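We use all heavy atoms of the structure for the numbers below, so side chains are in, but hydrogens, waters and symmetry mates are not. In this text, all values refer to a predicted model and were calculated from it rather than measured experimentally.
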Amino acid sequence: MLTKAYAILAGGGVKGAALVGGLQAIEQNNIQFVGYGGTSAGSIIALLASVGYTSEELKKIMIEEIDFTQFLDDSASELENLKDSLGQLFEKINNFKRRDLLNPENFKLLQILLDFLKKLNQDLGLSDANGLKQFLLDKIGKKHDSLKNKTDITFRELQEQGCYPLKVVASDLISRKAVIYPLDQEQGLDYSVIDAVRASMSFPFVFFPVKIDNYLLVDGGLSSNLPLFLFEEERKANNIPVIALDLVVDGDNQSNYSLDQSNYGLLKFIPDMLGTVLEASDNLIETLIKNIYYISIKLPKDIGTLDFEISKQDRERLFDRGYRDVSSYLNKNVFQAIKKVRTERERLRVLYGQIELIEKTLEKVALAVDNSCNTENIRAYIMLPTERNTLIVAYEHGMDNDPDIDWEIPVNAGSMGYTWVFRKHGRVNIDVMKNNLEDYNLTQIQVNKIRKDRKAIYSVPIFDLSLSRSQPVENLEMLGILCVDTSTSLENTLWLEEDSMCKNELELWADILALILK
């Protein structure tokens, strides 16, 4: 069974070849991405992948074709000249004396600095990145004939071409918040995908900020360099996991770059500070969002984020690092197990893991209900949402060899559907449900799967308690449905009593299961 996932790609300046190496490792493991999101360099790779470029094609683009200096338009030599001049100036600044201003060489360096500050004050950057915009337009046109020779392309046009969903993060200097493009599902689709990516990779002081509506947009890494949340709503609905590729400095190489405070001044402090903001991983978010597979790619520190003249050899090094680190991660047990699954039920069992512990807990649930609720022959099971907009039995106790061990129904069907839609307890007389299929949104085939001796079902929501146990119920994500059924008729159980012990018992077990489910 081909595994599906959403891709989240981190920012990293000119280091995007490492992300492509990671994508190739994932592609070779038969994992298919159904949506792409990214920041800065990650947004460029995400856009190209979303319009149909394979990892092998992206490898050729990132290693052999792309010229990062073209993104600077005519400012490449200006930037390099500025770097050299500032380097010379800061070497002299500690011993600088007023009379040194008369030195023509020093005066020239100061003039370069003043001209740069004047330009920054006026344009807030060196380049409008027209080269990047034309590069993106050309690449999209090569994959989609109807988009050739266009001067701009919207998210809607990509959607109409059948491209994979794309989400891009930029940072708004006015509100000081992240802005996610497209802004919404309808009107936001009419925004320029070219401008969105252009804004997302607008490294401060190098590229002009992008003005869109009331936003003044710069590099998305300032607000979120690894935006793990981009497909959170989709992930909640269909249980498709997220694979996030982060770019981090290889800690093993840190000792080779010990801080020499005597030689560490403003010229090194400023790029290091910006680099820290843009490259630091969102590791706190990574620990809080379920169903996220976070993969860090460790990069050599000698390749700079703004090394626009990066060599082909260094690009190959980056690609190899990405391929190596992601391949190593994918060889872990969880992905080896995922590659072997054949059904949606098996996929969910692997994704949520701890099968033995979960089903042992369901055994305890069945025993507790049997002892407190005047019921017989209790079965307990968990139904989880699928990408097909259905609920399916993923874990169970007491259903061995039963025809409904893999029961799958629409998310709005039966008492489980009531629980899923309204986030409330559901109780149903199975005979009544069988005789009113349309009211319960079920088919004859679906109800025929239910074991013949079953008389009643009780379902309760399983809420995600990992973020905050003090939040009101309406703010909590639902992970799935805890169900118990019995051969005792509904009216003879204690389930219909408003303050029944069974209600409190099942809520408690649902909370316990929420902490076990991954």
Legend entry - D453: side-chain hydrogen bond (donor to acceptor under 3.5 Å, both in side chains) partners, not counting sequence neighbours: R451
Legend entry - Option from R379, K449, R454 for which salt bridge (Lys or Arg N to Asp or Glu O under 4.0 Å) with D404 holds: R379
Inset, instruction - May I ask you to test the I194-I140 pair for a side-chain heavy-atom distance under 4.5 Å? - result: yes
Legend entry - Distance, nearest 0.5 Å, that separates CG of N389 from CG of N412: 7.5 Å
Legend entry - Salt-bridge contact K503-E497 (side-chain N to carboxylate O under 4.0 Å): no
Inset, instruction - Enter the distance from L23:CG to M62:CE here, rounded to the nearest 0.5 Å. - result: 10.5 Å
Legend entry - Salt bridge present between E65 and K59 (N-O < 4.0 angstrom): no
Legend entry - Lys/Arg-Asp/Glu bridge criterion (N-O < 4.0 Å) met for R317, D314: yes
Inset, instruction - Using a strict cut-off of less than 4.0 Å between a Lys/Arg side-chain nitrogen and an Asp/Glu carboxylate oxygen, indicate whether R321 and E316 qualify as a salt bridge. - result: no
Inset, instruction - Check T419, L482, V484 against S459 for a side chain to side chain contact (heavy atoms under 4.5 Å, CB included) and give me the one that passes. - result: T419
Legend entry - With Q161 via side-chain contact (heavy atoms from CB on, under 4.5 Å) - residues at least two apart: H144, S146, L147, C163
Legend entry - Sequence-distant partners of Y381, side-chain hydrogen bond (donor to acceptor under 3.5 Å, both in side chains), two or more places apart: D485
Legend entry - Full working for salt bridge (Lys or Arg N to Asp or Glu O under 4.0 Å) between R349 and E359: CA-CA 11 Å; R349 286 165 69 83; E359 296 194 337; 2.8 Å; yes
Inset, instruction - Sequence neighbours left out, what passes side-chain hydrogen bond (donor to acceptor under 3.5 Å, both in side chains) with H425? Give chain and number order. - result: Y458, E507
Inset, instruction - May I ask you to test the I153-L158 pair for a side-chain heavy-atom distance under 4.5 Å? - result: yes
Inset, instruction - Report the residues that fulfil side-chain contact (heavy atoms from CB on, under 4.5 Å) with E57, sequence neighbours left out, ordered by chain and then residue number. - result: Y53, T54, K143
Inset, instruction - Only counting residues at least two apart or in another chain, list the ones meeting side-chain hydrogen bond (donor to acceptor under 3.5 Å, both in side chains) with T493. - result: none
Legend entry - Derivation and outcome, salt bridge (Lys or Arg N to Asp or Glu O under 4.0 Å), residues R198 and D195: CA-CA 5 Å; R198 157 71 178 86; D195 284 346; over 6 Å; no
Inset, instruction - Could you grab the distance from atom CG of L330 to atom CD1 of I31, nearest 0.5 Å is fine? - result: 5.0 Å
Legend entry - Under 3.5 Å: donor-acceptor pair, side chain of E157, backbone of T154: yes
Legend entry - Side-chain touch I516/T361, heavy atoms, less than 4.5 angstrom: yes
Legend entry - salt bridge (Lys or Arg N to Asp or Glu O under 4.0 Å) evaluation trace for R235 with E477: CA-CA 11 Å; R235 187 197 59 76; E477 176 190 346; 3.4 Å; yes
Inset, instruction - Measure the shortest side-chain to side-chain distance between C373 and W495 over non-hydrogen atoms and say whether it is less than 4.5 angstrom. - result: yes
